[in-house]
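Quick note on labels: first sequence line is chain A, next is B, and so on, each numbered from 1. For clarity, every value in this text was computed on a predicted model and none was experimentally measured.
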Amino acid sequence: MHPKRRQRLTYLLVIMLGVSIAIGFVLYALRQNINVYYTPSQIIQGQAPKNHTFRLGGLVKQGSVMHAKTELEVAFIVTDLVHNINVSYNGILPDLFRDGQGVVVQGQLTAQNEFRASQVLAKHDEKYMPPIVKDALAQAKNSTV
Amino acid sequence: MYAFLYKLASPKKFYQMAGQLIPWCSGLAILLIGYGLLGALVLSPADYQQGDAYRIIYIHVPSAFLSMFIYLMMAFCALLSLVWRIKLADVVLTASASIGAWFTFLALITGSIWGKPMWGTWWIWDARLTSELILGFLYLGVIALKSAIPNREQKDKASAILVLVGSINIPIIHYSVYWWNTLHQGATISRFAKPAIAPSMLYPLLSMIAGFLVYYVIVMLIKARTEVLYRERRSTWVKELFK
């Protein structure tokens, strides 16, 4: 390679490396602000801000959803399969909300394990399949159990 | 091989070869997007959870892929321009910027339209969405810088440096869903793992991605040809062309 070009390439690589490291440090320092939600385990460990609005993420525990008879009030448990947080919410739930679904809820802690939500978002996973395949999978699972 | 590349890098040769390539690419793009659309809207089944609403991925995923691919292409051109001083690289970089900006816009808009019914919100400041928005601003920055500096050599150099430094954002977009907790789901198609999507839905999606890619090549070549003519307007071969 021509020495002039080698020199220019070296300059560029050094600049890129420097900027990458700088951005890496910034992102590392901000990691908790970049995370969109806290997991139940983090809340139990006391990492979540108290008396502040934040988001909690996890799975809706199977069979934990309880609807009120006459109003939109709903209560359910968000779990990361290690710890549970009880969530209460008054409002319309997204279409994908169901047992076992990943959710991100925004709100505040009212007590140790009690979370009052002002917004409930459903988290979709990266899996796409036709209903027939889903039924076949469920059947296969049932027959092996 | 090197002789061929050097020939291609000459503006005149590029102008001619691009002109010959465009009709072929157009036919290919019509085939790929035609099959992709047929597969996306008619042949592929509805999703088990989202029903028909998932079909927006056939626009969203190719747009998002292209928005990053075009940026990498521009970064490669920036490197060629800064280190090897290849004039044609600046032409391709200039021609690609606005196309990339549009694909970024399309990815953000389609994602937003899908997000409202599925997640329950149009927008959330999670790492994936924010870094993609920054990509959009990078594209706009390159376009603005290009039009702000009158001197051609200066503007090519300045925008090449901006593109190169901004390319750090590309791995951040790609890995954002693994490095941080995000509302956006992980990658459905990955080179290493088995795709998390049924084959009947996957093939139209791959066809759409390939089709969008060829479409980008077509539009880029058309714009690059115009740019070459403008930059070489004082050379004899261009004057010959418009005698």
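Ranked by heavy-atom pairs under 4.5 Å with chain A, the list Leu79(B), Leu164(B), Val177(B) is led by Leu164(B). Of the listed residues (Leu27(A), Ile23(A), Val120(A), Ile15(A)), the one with the most heavy-atom contacts under 4.5 Å to chain B is Leu27(A). Among the candidates Gly120(B), Ala196(B), Pro45(B), Pro117(B), the residue making the largest number of heavy-atom pairs closer than 4.5 Å to chain A is Ala196(B). Contacts with chain A were tallied for Ala198(B), Gly51(B), Pro171(B), Pro199(B); Ala198(B) has the most, counting heavy-atom pairs under 4.5 Å.
When all heavy atoms of Val92(B) and Cys77(B) are compared, the closest pair comes out as CG1-SG, 3.7 Å. For the residue pair Leu59(A) and Gly100(A), the shortest heavy atom distance occurs at CD2-O, 3.7 Å. Taking every heavy atom of both residues into account, Ile34(A) and Ala127(B) meet most closely at CG2-CB, 3.7 Å.
Both the backbone and the side chain of Leu9(A) come within less than 4.5 Å of a heavy atom of chain B. In this structure, the portion of Met201(B) lying under 4.5 Å from any heavy atom of chain A is its side chain and not its backbone. For a residue to count as touching a neighbouring chain, one of its non-hydrogen atoms must lie under 4.5 Å from one of that chain's; by this rule Ile161(B) does not touch chain A. Of the two parts of Ala187(B), only the backbone, made up of N, CA, C and O, holds a non-hydrogen atom closer than 4.5 Å to a non-hydrogen atom of chain A. Looking at Ile172(B), only its side chain comes within 4.5 Å of chain A, counting heavy atoms on both sides. When heavy atoms are compared at a cutoff of 4.5 Å, Val104(A) approaches chain B solely by way of its side chain, counted from C-beta outward.
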inquiry  = If you apply the rule side-chain contact (heavy atoms from CB on, under 4.5 Å), what do you find for Leu138(B) with Val142(B), and how did you get there?
reply    = CA-CA 6 Å; Leu138(B) 279 170; Val142(B) 172; 5.6 Å; no

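Residue Phe97(A) qualifies as enclosed at atom CZ: its count of foreign heavy atoms under 6.0 Å is above 12. Within a 6.0 Å radius of CD1 in Ile92(A), other residues, nucleotides and ligands contribute 12 heavy atoms or fewer.
Phe103(B) has its ring centre less than 6.0 Å from the ring centre of Phe212(B).
Taking NZ of Lys155(B) as the start and CG of Leu162(B) as the end, the distance is 14.5 Å to the nearest 0.5 Å. With rounding to the nearest 0.5 Å, the separation of CG in Leu129(B) from CD1 in Ile134(B) is 11.5 Å.
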Below 3.5 Å only, please: all the donor-acceptor pairs between chain B and chain A, one per line.
| from | atom 1 | to | atom 2 | distance (Å) |
| --- | --- | --- | --- | --- |
| Asp47(B) | OD1 | Met129(A) | N | 3.0 |
| Tyr48(B) | N | Met129(A) | O | 2.8 |
| Gln49(B) | NE2 | Gln101(A) | OE1 | 3.1 |
| Gln50(B) | NE2 | His124(A) | NE2 | 2.7 |
| Leu82(B) | O | Arg8(A) | NE | 3.2 |
| Val83(B) | O | Arg8(A) | NE | 3.1 |
| Val83(B) | O | Arg8(A) | NH2 | 2.7 |
| Trp119(B) | O | Ala122(A) | N | 2.9 |
| Asn181(B) | N | Asn35(A) | OD1 | 2.8 |
| Asn181(B) | O | Val36(A) | N | 2.9 |
| Asn181(B) | ND2 | Tyr37(A) | O | 3.0 |
| Thr182(B) | O | Lys123(A) | NZ | 2.9 |
| Gln185(B) | NE2 | Tyr128(A) | OH | 3.3 |
| Thr188(B) | OG1 | Glu126(A) | O | 3.0 |
| Ala196(B) | O | Tyr128(A) | N | 3.0 |
| Ala198(B) | N | Tyr128(A) | O | 3.0 |

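Taking the side chain to side chain contact (heavy atoms under 4.5 Å, CB included) definition, one finds that Leu17(A) meets it with Ile21(A), sequence neighbours left out.
Here the side chain of Arg231(B) pairs no donor or acceptor atom with the backbone of Pro11(B) at under 3.5 angstrom.
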